[in-house]
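So the structure is just underneath, and the comments pick up after that.
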Amino acid sequence: MTSLLCITLFSLTLAGIVHSQLTGTPGSYAVKVITQLGANVTLPCHLPQKSRSFFSVGIRVKWTKLAYDEALNEDVLLSMGFHKKTYGSFEGRVFLQELDSDDASLVITDVSMDDSGTYRCEIINGMVDTILDIGLEVQSGLTDGVVFPYSPPLGRYSFNFDEAAQACLEQDAVVATFDHLFEAWKEGLDWCNAGWLEDGTVQYPITKPRGPCGGANISPGLRTYGRRDKYLSRFDVFCFASALKGRFYWLTQPDRLNFDEAVQACFDDGAEIAKVGHMFAAWKLEGYDRCDAGWLADGSVRYPISRPRRNCSPTEAAVRFVGFPDKQENLYGVYCFRPEP
């Protein structure tokens with residue numbers, strides 16, 4: 001409801017903006033729209049009031065997502081009369097709203113963090129051309145999620161950017177933004193391994209400065225390696241998991257299980273083996289606490305402690321990581337997840 005209200009207010013503001021020829025870069029825009037991760041959003045764009053009498057059927061509408069390097073701009077949608085084409089990651093997810101004859105507003109469905117940025121709307125009809133830049137901010141506050149570091153069974157610093165993004169998706173999460181990591185750091189996250197963020201930078205949060213983690217005499221904060229090559233550079237990743245839409249639980253079993261048996265046991269209970277994102281969300285957002293190590297879907301063994309105590313996690317609340325043991329030889333319990341219907 002809040003997002004819809006924000007969009008409505010921005011649309012009303014836009015109605016008073018006359019034709020403009022902008023040469024702005026990302027971050028320089030006439031209108032800003034704020035939405036939530038996973039929602040549908042409308043980026044408003046109309047022919048200015050004084051020019052609407054010139055609006056014709058042969059109008060050409062082009063939407064582009066801007067980059068700091070113009071050569072990296074992304075085509076989003078092109079419309080010429082009845083012919084419309086969408087491009088790249090936007091294919092099948094975007095369309096023109098077309099509520100009336102002068103409306104070139106763009107609807108983006110199933111918004112992701114990657115959709116954040118500046119979009120350019122161009123209306124070209126041969127007599128009066130309109131160019132408008134619109135900023136889109138996708139939010140997913142930490143009140144509704146949790147940041148967690150992730151590395152694969154191969155060991156630390158094994159992901160390029162695309163592999164990191166896929167790893168987060170496989171754990172029912174997305175790559176964290178800078179704001180996510182900054183808020184998590186303020187809440188006490190301290191992690192000495194560098195990881196990818198959504199903007200292509202590599203950073204890590206330090207609350208207790210020490211020699212191996214950027215230096216003992218440097219103030220606490222986010223240490224950064226800056227932007228790295230997304231294809232060649234390899235690091236860990238910081239993922240962001242939203243609040244659970246289902247039930248995370250420990251499956252009570254008479255015997256410990258190998259990995260395949262654990263997967264089957266959850267299936268037999270009408271659920272699936274839980275993912276790392278499920279455990280972190282249950283631990284952080286629901287206060288889930290259990291001192292039993294159990295299998296998760298990625299083949300790791302972990303357990304969540306919300307009440308630190310001896311023999312579990314004596315010094316801090318944390319999701320404790322046992323490792324990636326041999327899936328056939330090692331026996332543990334299992335954590336399951338039953339999605340909402």
Side-chain angles (χ1 to χ4, degrees), residues 3 7 24-29 31-45 60-80 83-98 104-123 131-140 145 150 159-181 195-202 227-235 237-242 275 277:
S3 295
I7 294 169
T25 56
S28 172
Y29 39 75
V31 177
K32 183 177 182 180
V33 176
I34 300 173
T35 191
Q36 299 296 314
L37 180 68
N40 298 342
V41 65
T42 301
L43 305 185
C45 184
R60 178 175 181 264
V61 175
K62 182 179 180 182
W63 279 90
T64 307
K65 186 181 181 188
L66 304 184
Y68 285 96
D69 181 349
E70 186 175 345
L72 300 179
N73 286 355
E74 293 180 70
D75 290 333
V76 177
L77 179 146
L78 179 63
S79 173
M80 297 180 66
H83 301 285
K84 296 177 174 61
K85 180 174 177 58
T86 56
Y87 298 87
S89 64
F90 298 99
E91 189 170 354
R93 290 200 304 125
V94 299
F95 57 90
L96 294 182
Q97 184 166 259
E98 295 178 327
S105 299
L106 181 75
V107 178
I108 305 176
T109 62
D110 193 21
V111 171
S112 71
M113 287 297 179
D114 287 339
D115 292 332
S116 293
T118 303
Y119 292 76
R120 176 162 292 169
C121 170
E122 300 176 69
I123 303 176
I131 300 177
L132 185 70
D133 287 359
I134 298 143
L136 174 62
E137 179 180 338
V138 181
Q139 294 183 340
S140 187
Y150 189 78
F159 294 133
N160 66 25
F161 182 83
D162 289 341
E163 292 166 344
Q166 183 61 35
C168 288
L169 287 175
E170 290 172 356
Q171 302 313 313
D172 202 35
V174 296
V175 179
T177 67
F178 172 85
D179 289 342
H180 289 149
L181 189 62
W196 290 104
L197 295 181
E198 180 269 340
D199 61 1
T201 62
V202 174
R227 294 184 185 277
R228 312 298 291 187
D229 188 299
K230 289 185 175 182
Y231 301 100
L232 299 179
S233 298
R234 294 191 171 273
F235 295 94
V237 63
F238 289 97
C239 301
F240 177 85
S242 299
K275 299 176 180 179

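- With sequence neighbours left out, Lys275 forms a salt bridge (charged side-chain N to carboxylate O under 4.0 Å, His left out) with no residue at all.
- Residue Val31 comes nearest to Pro44 through the heavy atom pair CG1-CG, 4.4 Å, listed as atom of the first residue, atom of the second, then distance.
- Not a single donor-acceptor pair under 3.5 Å links the side chain of Asp110 to the backbone N or O of Asn40.
- Residue Ser105 holds its OG atom at 6.5 Å from CH2 of Trp63, rounded to the nearest 0.5 Å.
- The side-chain hydrogen bond (donor to acceptor under 3.5 Å, both in side chains) check on Arg228 picks up nothing, with sequence neighbours excluded.
- Within the 4.5 Å cutoff, the side chain of Phe90 has no heavy atoms near those of the Leu77 side chain.
- The shortest non-hydrogen separation linking Ala241 to Gly277 is CB-O, 3.7 Å.
- For Tyr150, the side-chain hydrogen bond (donor to acceptor under 3.5 Å, both in side chains) partners two or more places apart in sequence, or in a different chain, are Asp298.
- No side-chain heavy atom of Cys45 sits less than 4.5 Å from a side-chain heavy atom of Leu43.
- Note: Thr177 OG1 to Leu197 CG = 7.5 Å, rounded to the nearest 0.5 Å.
- Listed by chain and number, the residues in a salt bridge (charged side-chain N to carboxylate O under 4.0 Å, His left out) with Lys230 amount to none (sequence neighbours excluded).
- To the nearest 0.5 angstrom, Lys32 atom NZ is 9.5 Å from Leu136 atom CG.
- With contacts defined as side-chain heavy-atom distances shorter than 4.5 Å, the pair Lys62/Asp75 qualifies.
- With Val76 as the partner, the side-chain contact (heavy atoms from CB on, under 4.5 Å) test is satisfied by one option alone out of Thr64, Val94, Ile108: Val94.
- Here the straight-line distance linking atom CG of Leu132 with atom CD of Glu122 works out to 10.5 Å at 0.5 Å rounding.
- Legend: residues meeting side-chain hydrogen bond (donor to acceptor under 3.5 Å, both in side chains) with Asp199, ordered by chain and number and at least two apart, are Thr201.
- Looking only at side-chain heavy atoms (C-beta outward), Arg93 and Asp115 come within less than 4.5 Å of each other.
- Separating the OG atom in Ser116 from the CD atom in Glu137 is a distance of 7.0 Å, to the nearest 0.5 Å.
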Side-chain donor-acceptor pairs of residues 161-171 under 3.5 Å, sequence neighbours excluded:
unit_1	atom_1	unit_2	atom_2	d
Glu163	OE1	Asn160	N	3.0
Glu163	OE1	Arg234	NH1	2.6
Gln166	NE2	Glu170	OE2	3.4
Gln171	OE1	Val276	N	3.0

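- To the nearest 0.5 Å, atoms OG1 (Thr118) and NZ (Lys65) are separated by 9.0 Å.
- Looking at heavy atoms from C-beta onward, Glu198 lies out of side-chain contact with Phe240 at the 4.5 angstrom threshold.
- Looking at heavy atoms from C-beta onward, Phe95 lies out of side-chain contact with Thr86 at the 4.5 angstrom threshold.
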